[in-house]
Structure formats: structure tokens, C-alpha cells
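Below: the structure, in C-alpha cells.
Predicted, not measured: the structure shown is a model, and the values here were computed from it. In listed order, ligands and their atoms are each counted from 1.
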Amino acid sequence: MIREDTMAKLAFIGLGLMGTPMATRLLEAGHDVTVWNRTAEKTKPLTDHGATAASTPMDAIKGVDAAIAMVTNAEALEQVVYGENGMAAALAPGQLLIDMSTVGPDAVRSVASRLPDGVAMVDAPVRGSVHQATSGQLAIYVGADPSDFRRVEPILTSLGTLHHVGGLGAGAAAKVVVNSTLGVAFGEALSLGDDFGLDRSVVLDVLSDTPIAGTVEAKRANVESGTYPANFKLSLALKDLNLVTEIADQNGRRLEVAAAARDWLEQAAEAGAGDLDYSAVIPTITT
Ligand code: NA7
């Protein structure tokens with residue numbers, strides 16, 4: 001059980017662009033954190049901050065109150081839970097598995113359905129990227145039973161603002177809904193400005209005063225410099241738009257805007273932009 005009067009003992013699995021600042025914040029909040037990452041070198045910044053590095057996910061979760069996974073996709077989550085030396089082999093009654101990756105509700109429920117008796121699962125994917133992860137300003141969409149929500153609240157609060165959106169899987173669903181708006185409207189607006197012969201900086205200025213202002217502000221430097229260092233990888237945005245179009249397909253629905261966004265992202269990924277920031281879709285649209 002999580003000791004509400006003290007800090008928690010945690011395992012953090014997955015030290016990518018998001019996992020590294022999130023695990024760092026949990027350490028800074030005073031939690032006792034054991035980390036594991038597939039590429040072992042990435043544990044160094046965390047052990048420098050006082051984390052313990054484990055050699056397998058199974059070792060990482062021994063004796064912890066809760067294990068947090070922050071990995072690429074459903075396949076990676078499956079691997080760290082049920083793969084060789086995965087967490088499931090050592091998860092014990094009373095422990096809690098918190099998935100903060102964006103994998104969709106089906107994957108969350110599938111993982112949860114096979115956990116050992118007495119092990120609870122919560123889905124808690126996040127909106128925001130490296131900057132918000134570093135400053136503890138993520139939006140966290142939590143799918144959990146009320147009692148499990150009360151258990152995760154004191155842990156996740158140092159990472160951002162929690163939104164308890166329903167039972168298991170609801171957090172994952174809310175995140176897919178949020179990312180369905182991860183659109184390409186910005187890129188299309190820029191290309192339209194180009195077609196009209198407007199100056200790029202004028203177009204950026206006028207778009208800064210519209211409902212897509214947040215995106216314009218966050219990505220303006222990328223557009224102006226023509227460089228797209230990853231804050232949120234384009235390949236992950238494509239994964240999310242695939243989750244959107246899959247659920248729509250299952251319901252016999254065609255979401256035209258999401259389908260178009262997915263197609264643009266796929267073209268950019270095929271052109272080699274998968275590891276760049278998702279805003280690297282813009283040159284695919286504008287050229
Ligand atoms: P990154 O920076 O691409 O990091 C992905 C992490 O997932 C990284 O630690 C990877 O380990 C790990 N990973 C990927 N595949 C596997 C497998 N098969 N087994 C174990 N670990 C794996 O992504 P972000 O941090 O930006 O995003 C994480 C999630 O949040 C994602 O769902 C986003 O959509 C939202 P590596 O370092 O490559 O060895």
C-alpha cells in the first residue's frame with residue numbers, strides 16, 4: 001500500500017524524452033525512485049539525481065508501492081509488463097501499475113486483465129511535452145476506480161494537474177480524444193499564406209491571435225529556423241492519429257480531419273521525419 005503520510009517507493013520504466021524529466025521531478029519531490037530503461041545509458045542522469053538503476057523491469061518493481069510506465073506504444077508496454085523479465089513476473093498484491101504512455105484504452109484493459117490478483121492498474125496519460133514535464137505542468141488524464149485514484153493522487157501531483165475522467169481506460173480514451181486535435185491546420189494555414197504571397201512572419205503574427213495560438217507560439221521557432229528538434233516525436237503523433245482513426249473505423253465512422261492529419265503525418269514519416277518533432281509535418285505540407 002502507498003503510505004500517504006510519507007513519500008512513495010516507486011519504479012519508473014521508460015526514460016525517453018518525457019520519462020526522464022518526469023522521473024526527475026518525482027525524485028525532486030522526495031520519492032524513492034528505481035529506474036529502468038531499455039537503453040541502459042539513459043539511467044545516468046537519474047542516478048546522478050539519486051535514483052537507483054535496476055537491470056530489468058522485474059527487478060525495478062520489487063518492494064515498490066507503484067510502478068510507472070512511460071514507453072512508446074502498446075507493444076512497448078506489453079514488453080515491459082509481460083516480456084522477458086517483465087514487471088508481471090514480480091508484481092505482488094497491493095502494488096499498483098500506472099501507465100502514463102499513450103496506448104489507447106484497449107491496450108490498457110488488455111494489460112490490466114492479465115495482472116496478478118490484487119495488483120491494480122491505473123491509466124494516466126499526459127498532455128504536454130518536455131517543457132511541461134520538466135516544470136510539472138502536465139495535464140494528466142486518469143482512468144481509475146475512485147479508491148485507486150486516491151492512491152495515485154499524492155504521487156502524480158508533482159507532475160501536473162490530475163483530471164479523474166472515469167474508470168480504467170477512460171484516461172487513455174481522453175488522451176486519444178485530445179490528440180485527435182493534434183492537427184495539421186497550422187501547416188495548411190502556412191501553405192495557404194505562401195500561396196497568397198504573404199510574408200511568413202505576417203502569417204505567424206496573425207495566427208498568433210487565433211484559437212491555434214498555443215501551437216503557433218510553441219512551434220514558431222521551428223518554422224522560422226527550419227529545424228525541428230523533437231519535443232514530441234512525429235512518429236508518436238502518427239501513432240496517436242492511428243489510435244484515433246482505428247476507433248473511428250471500429251465504429252463505422254470516418255473522421256475526415258483526423259484522417260487527413262494522419263495521412264500528412266504518414267507522408268512526413270515516410271520522408272524520414274519520424275524522429276523529429278511532429279511540427280516537422282509542416283515542410284511536408286508547405287513544399
Ligand atoms: P520517446 O522519447 O520515444 O521514449 C520512448 C521510451 O520507450 C524510451 O524509454 C524507450 O527506450 C522505451 N521503449 C520503446 N520501445 C520499447 C520496448 N519495446 N521495450 C522497452 N522500452 C521501450 O517517447 P516520449 O518519452 O516522448 O513519449 C513516451 C510516451 O508518452 C508515448 O506514448 C507518447 O505518445 C506519450 P529506449 O530509450 O529507446 O531504449
- Query: Of all the non-hydrogen atoms in the protein, which one sits nearest to atom 2 (O) of ligand 1, and at what distance?
  - Reply: Leu17 N, 2.8 Å
- Query: Using a heavy-atom cut-off of under 4.0 Å, does the side chain or the backbone of Lys239 touch ligand 1, or both, or neither?
  - Reply: side chain
- Any Lys/Arg nitrogen of Lys219 or Asp277 sitting under 4.0 Å from an Asp/Glu carboxylate oxygen of the other? yes
- Where does Val103 meet ligand 1, judged by heavy-atom distances below 4.0 Å: at the side chain, the backbone, both, or neither? neither
- Query: Who's the nearest protein heavy-atom neighbour of atom 4 (O) of ligand 1, and how far?
  - Reply: Gly16 CA, 3.3 Å
- What's the shortest distance from atom 9 (O) of ligand 1 to any protein heavy atom, and which residue and atom give it? Asn37 OD1, 2.6 Å
- Note on the structure: Looking only at protein heavy atoms, what sits closest to atom 36 (P) of ligand 1 is Thr39 OG1, 3.4 Å
- Can you pull out the closest protein heavy atom to atom 37 (O) of ligand 1? Residue, atom name and distance to 0.1 Å, please. Lys42 NZ, 2.6 Å
- Task: Before accepting this row, confirm whether a basic side-chain N of the pair Glu246/Lys239 lies closer than 4.0 Å to the acidic partner's carboxylate O.
- Result: no
- Inspect the contact between Asp32 and Lys9 and indicate whether a charged nitrogen and a carboxylate oxygen are less than 4.0 angstrom apart. yes
- Applying side-chain hydrogen bond (donor to acceptor under 3.5 Å, both in side chains) between Arg262 and each of Asp240, Asn242, Thr245, report the one that passes. Asn242
- Message: Using side-chain heavy atoms (C-beta onward) and a distance below 4.5 Å, is Asn179 in contact with Leu241?
- Response: no
- Look at the rings of Tyr278 and Phe232 and say which category their plane angle falls in: under 30° parallel, 30 to 60° tilted, over 60° perpendicular. perpendicular
- Task: From the options Thr39, Val71, Leu46, select the one residue that forms a side chain to side chain contact (heavy atoms under 4.5 Å, CB included) with Leu15.
- Result: Leu46
- Note on the structure: atom 1 (P) of ligand 1 sits nearest the protein heavy atom Lys233 NZ, 3.5 Å
- How far is atom 20 (C) of ligand 1 from its nearest protein heavy atom, and which residue and atom name does that atom have? Val80 CG1, 3.5 Å
- Query: What is the closest protein heavy atom to atom 17 (C) of ligand 1, and at what distance does it sit?
  - Reply: Arg38 NH1, 3.4 Å
- Message: Considering Thr72, Leu236, Thr102 one by one, which has a heavy atom nearer to atom 7 (O) of ligand 1 than any of the others?
- Response: Thr72
- Of all the atoms in ligand 1, which lie at a distance below 4.0 Å from a heavy atom belonging to Ser101? 32 (O)
- Message: With heavy-atom distances below 4.5 Å as the criterion, would you say the side chains of Val103 and Glu75 are in contact?
- Response: no
- Message: Can you confirm, on distance only, whether ligand 1 has an N/O atom lying under 3.5 Å from any N/O atom belonging to Val71?
- Response: yes
